[in-house]
Amino acid sequence: MLCHDSPVIDPVADLHAALTSAVAGLTGGEVPDLALERPANPEHGDYATSVAMRLAPLLGKSPRDIAQELAGVVEGLPTIASVEIAGPGFLNLRLSHDWYRSTLTEMLAAGSEFGRHDRIAGAETLVEFVSANPTGDLTIGSARNAAYGDCVSRLLDFAGQKVTREYYFNDAGNQITLFGQSVRARRLGEEIPEGGYPGDEILEVANALDLADDAPLDDWTARGVAVMIDRIRTGLERMRVTFDLWTSEQTLHSSGAVTAAIERARSEGHVFEQDGATWLRTTTFGDDKDRVLLKADGETTYFAADLAYIDLKFKRGATRAIYVLGADHHGYIQRLKAGAACLGLDADAVEVLIYQLVTVSGERMGKRRGNVITLNELAEAIGVDAARYFLVERSHDQMLDIDLDLAVENSSKNPVYYVQYAHARCQSILRKAVEEGLAVEGVGSSHVPEGPEMTLVRRLAEWPDVVATAAELRAPHRIVTWVHELAADFHAFHHDLYVLHEDADTRAFRLSAVRATGEALTRALGLIGVEAPDRM
RNA sequence: GCGCCCGUAGCUCAGGGGAUAGAGCAAGAGACUUCUAAUCUCGAGGCCGCAGGUUCGAAUCCUGCCGGGCGCACCA
């Protein structure tokens, strides 16, 4: 389905507009979804709409009669070559040669802005992702979080939102104390405590610390966390994932934000005491059960810090707070939204994105199982481009399984190279055009596009809808699906037709198509954090 | 028990109400004197988990069931 209700650079905008006004004329104003789409079957035209069938019950006329009336309006458009009515009342449209030329011209003129849309623009969005505790290297589960969260951020940014990326880390509490003890134990060659962290990276962190053997535990902990965070940051940067803010839980406590948030919730009337503990009545806003803020022993819970953190996000000016969490945290959705509501905030401005878990050879990852794969190992094994492509290739609602040996074995046939190769081919042609003095500007005026050229241009024209939908659905895998289709269309085009044709007009059209394809590949790959190489 | 995600080709998965359900991989047959063969072309492979419902029209929306994953702390 295509939807063009915002002023975007859109190749089928005039078609959409003409249909809309024609339909409005028939109904007296009301316009249902036009359902303008690209049929899978080429016999059904380049674009098709089933709007006549939807209109039939409304107007009390037969779908084919309505289609006939609409056909009369659309037929005159310069972008339309032919219209036919098919089946129960489909309107099948074929685009004119003129459309192909003007669409290419438009796309090239728009450049990197092509596909920019404002359907969801304007929000100040805080995307919090990864946020793994700094007690070890990031696992491949966090790698999925990183790749997905980063792509969503890039998509929202392209959609005109002001995006801030934040990593929230836990640097207080039992786990962190255990981490500090583990670091010290490794350094001193002692036994690590029960439930401590045995990973090799702990030893590396320990050895990087300039601390005396008898330094206080707090120093081992704090310094260890700092080094670990730095390790994590470096690994993420290698994956082209960067953050604007690194926020520590500790600072929420020390700044008084936690206490302030509890008081704010109390003044909203949602805090109560029971069994010696202080509770937040999140059930008022749809949570399964109420949540403890202050334990009977007086300690704050992790959720209390969460509450303060939500408060902080909106106080800093965010109009939307996105959380990216693994499926094992899906129970947090209601809790976080209810927490926001208890602070008097809009629960709908809290959006929790859940991605399904990553398994290793069909099994859940775990230190006890000894099957942990880290982000660094994945990047090392198959490279950053293949790793990123692999991590967002499928829907985030789909479970992801990895066998590292198999991944390495298969990495050469990772589809990312197929797509990148298409870009390298584009650049190769453009280089050759310059070398041979065959480069031209413009799309020409008389070239009659052939099948593969038309297929390619129509594919390129899908971009505005693809990128807008991907952003709205927080579904970067749609970019991946599309960019692969684009690469396939380009490879076929390249195989069938010679670009640097002796006829200047043909050459101009084809060079324009190559240029537009190269830019589209760069743009789409950029949104998933993959490079578009000039040579391979 | 309750909640979230998934079930589509041998395998991994796209398909947000439209016409004959697609791709990659695997297996099969072909194509380089050319701007890169990391490519292209062709064939084969399907009760879209099951059963109802809504609709002119359902893989898609609704309900129930079956199967798989995950979660239901005064842990972090």
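Chain naming here is simple, since letters A, B, ... match the order of the sequence lines and numbering starts at 1 in each.
Annotation: side chain of A:Ile402 is in contact with side chain of A:Leu378 (closest heavy-atom distance under 4.5 Å). Using a 4.5 Å cut-off on side-chain heavy atoms (C-beta onward), A:Asp534 and A:Arg431 make contact. Within the 4.5 Å cutoff, no side-chain heavy atoms of A:Thr506 are placed close to those of A:Tyr498. With contacts defined as side-chain heavy-atom distances shorter than 4.5 Å, the pair A:Leu155/A:Arg474 does not qualify. Within the 4.5 Å cutoff, no side-chain heavy atoms of A:Asp288 are placed close to those of A:Gln334. Counting heavy atoms from C-beta outward, A:Leu217 and A:Thr221 have side chains that approach closer than 4.5 Å.
Here the separation of B:C6 from B:G15, taken at their P atoms, is 11 Å to the nearest Å. B:G64 sits 39 Å from B:C74 when the C1' atoms are compared, rounded to a whole Å. Spacing between B:G67 and B:C42 at atom C1', rounded to whole Å, works out to 38 Å. Of the P atoms belonging to B:C61 and B:C4, the separation is 14 Å, rounded to the nearest Å. Comparing the C1' positions of B:C50 and B:U39 gives a spacing of 43 Å, expressed to the nearest Å. For the C1' atom pair drawn from B:A51 and B:A59, the interatomic distance equals 16 Å after rounding to whole Å. Atom C1' of B:G10 sits at a distance of 12 Å from the matching atom of B:A44, rounded to the whole Å. Separating the C1' atom of B:A23 from that of B:C62 is a span of 30 Å, rounded to the nearest Å.
Across all strands, A:Arg431 comes closer than 4.0 Å to no nucleic acid atom at all (heavy-atom distances). Looking at heavy-atom distances under 4.0 Å, A:Ala48 makes contact with a base. Using a 4.0 Å heavy-atom distance criterion, A:Glu436 is classed as making no nucleic acid contact. Using a 4.0 Å heavy-atom criterion, one finds that A:Asn92 contacts the bases of the nucleic acid, with or without backbone contacts as well. Using a 4.0 Å heavy-atom cutoff across all strands shown, A:Leu511 reaches no nucleic acid atom at all.
Annotation: ring-ring contact (aromatic ring centres under 6.0 Å, His included) contacts of A:Tyr197 (sequence neighbours excluded): none.
Between B:C25, B:U34, B:A19, one nucleotide has an atom nearer to the side chain of A:Tyr498 than all others, and that is B:U34.
Between A:Arg388 and A:Glu531 no salt bridge is recorded (no basic side-chain N to carboxylate O distance below 4.0 Å). In this structure, A:Arg291 does not pair ionically with A:Asp306, as no charged nitrogen and carboxylate oxygen lie closer than 4.0 Å. Here A:Lys432 does not pair with A:Glu435 in a salt bridge; the nearest charged N to carboxylate O distance is not below 4.0 Å. Note on A:Glu450 versus A:Arg510: salt bridge recorded, some NZ/NE/NH1/NH2 to OD/OE distance being below 4.0 Å.
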Report, one pair per line, the protein and nucleotides 38-44 of chain B atoms (nitrogen or oxygen only) whose separation is under 3.5 Å.
from  : atom 1 : to       : atom 2 : distance (Å)
B:U39 : O2'    : A:Arg425 : NH1    : 3.0
B:C40 : OP1    : A:Tyr418 : OH     : 2.3
B:C40 : O2'    : A:His495 : ND1    : 3.0

Atom pairs, protein N/O to nucleotides 72-76 of chain B N/O, distance under 3.5 Å:
from  : atom 1 : to       : atom 2 : distance (Å)
B:C72 : O3'    : A:Lys289 : NZ     : 3.0
B:C72 : O2'    : A:Lys289 : NZ     : 3.0
B:C74 : O2     : A:Ala296 : N      : 2.7
B:C74 : N4     : A:Asp275 : O      : 3.0
B:C75 : OP2    : A:Lys295 : NZ     : 2.6
B:A76 : OP1    : A:Lys295 : NZ     : 3.3
B:A76 : O3'    : A:Asn170 : OD1    : 3.1
B:A76 : O3'    : A:Asn170 : ND2    : 3.1
B:A76 : O3'    : A:Ala172 : O      : 3.2
B:A76 : O2'    : A:Asn133 : ND2    : 3.1
B:A76 : O2'    : A:Asn170 : OD1    : 3.3
B:A76 : N6     : A:Tyr332 : OH     : 2.2
B:A76 : N1     : A:Tyr332 : OH     : 2.2

Using a cutoff of under 3.5 Å, can you pull out all pairs of nitrogen or oxygen atoms linking the protein to nucleotides 59-62 of chain B, with atom names and distances?
none

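Pair assignment for B:A31 gives B:U39, based on Watson-Crick or G-U wobble hydrogen-bonding distances that are each under 3.5 Å. With a cut-off of 3.5 Å on both Watson-Crick or G-U wobble distances, the partner of B:C56 is given as B:G18. In this structure, B:U63 forms a base pair with B:A51, meeting either the Watson-Crick or the G-U wobble geometry with both donor-acceptor distances under 3.5 Å. When Watson-Crick and G-U wobble pairs are counted only if both distances are under 3.5 Å, B:C25 pairs with B:G10. When Watson-Crick and G-U wobble pairs are counted only if both distances are under 3.5 Å, B:A44 pairs with no nucleotide at all. B:C4 is paired with B:G69 under the Watson-Crick or G-U wobble criterion, all donor-acceptor distances under 3.5 Å.
For B:G57, the base has no donor-acceptor partner in the side chain of A:Arg54 [N/O atoms by modelled type, under 3.5 angstrom]. Under 3.5 Å, the side chain of A:His484 and the base of B:G24 form no donor-acceptor pair of N or O atoms.
Ring centroids of A:His501 and A:Phe509 are separated by 6.0 Å or more, keeping the two rings apart. A:Phe285 and A:His270 have their aromatic ring centers within a separation under 6.0 angstrom.
A pairwise comparison of heavy atoms in A:Pro88 and A:Pro63 identifies O-CB, 3.3 Å as the closest pair. Shown here for A:Tyr417 and A:Ala386, the closest heavy-atom pair between the two residues is OH-CB, 3.9 Å.
The CG-C1' distance, from A:Leu34 to B:G17, rounds to 15 Å in whole Å. A:Arg510 has its CZ atom 14 Å from the C1' atom of B:U34, to the nearest Å. A straight line from CE of A:Met53 to C1' of B:G18 spans 6 Å, rounded to a whole angstrom. If you measure from atom OH of A:Tyr47 to atom C1' of B:G18, you get 17 Å, rounded to the nearest angstrom. Nucleotide B:G15 holds its P atom 10 Å from the CD atom of A:Glu485, rounded to whole Å. As rounded to whole Å, 13 Å separates atom P of B:A26 from atom CG of A:Asn414. In this structure, the CD atom of A:Glu462 is 14 Å from the C1' atom of B:G22, given to the nearest Å.
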Base-contact (B) and sugar-phosphate-only (S) positions in nucleotides 6-14 of chain B, heavy-atom cut-off under 4.0 Å, - elsewhere: S-----BSS
Could you give the side-chain donor-acceptor pairs of residues 391-400 of chain A under 3.5 Å, partners two or more places apart or in another chain?
from     : atom 1 : to       : atom 2 : distance (Å)
A:Ser395 : OG     : A:Asp397 : N      : 3.0
A:His396 : ND1    : A:Tyr148 : OH     : 3.4
A:His396 : NE2    : A:Tyr148 : OH     : 3.4

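Across the interface with RNA chain B, nearest-nucleotide mapping of A:Leu500 and A:Asn41 shows A:Asn41 to be the residue nearer the 5′ end.
With hydrogens and angles disregarded, a donor-acceptor distance shorter than 3.5 Å links the side chain of A:His491 to the backbone of A:Tyr418.
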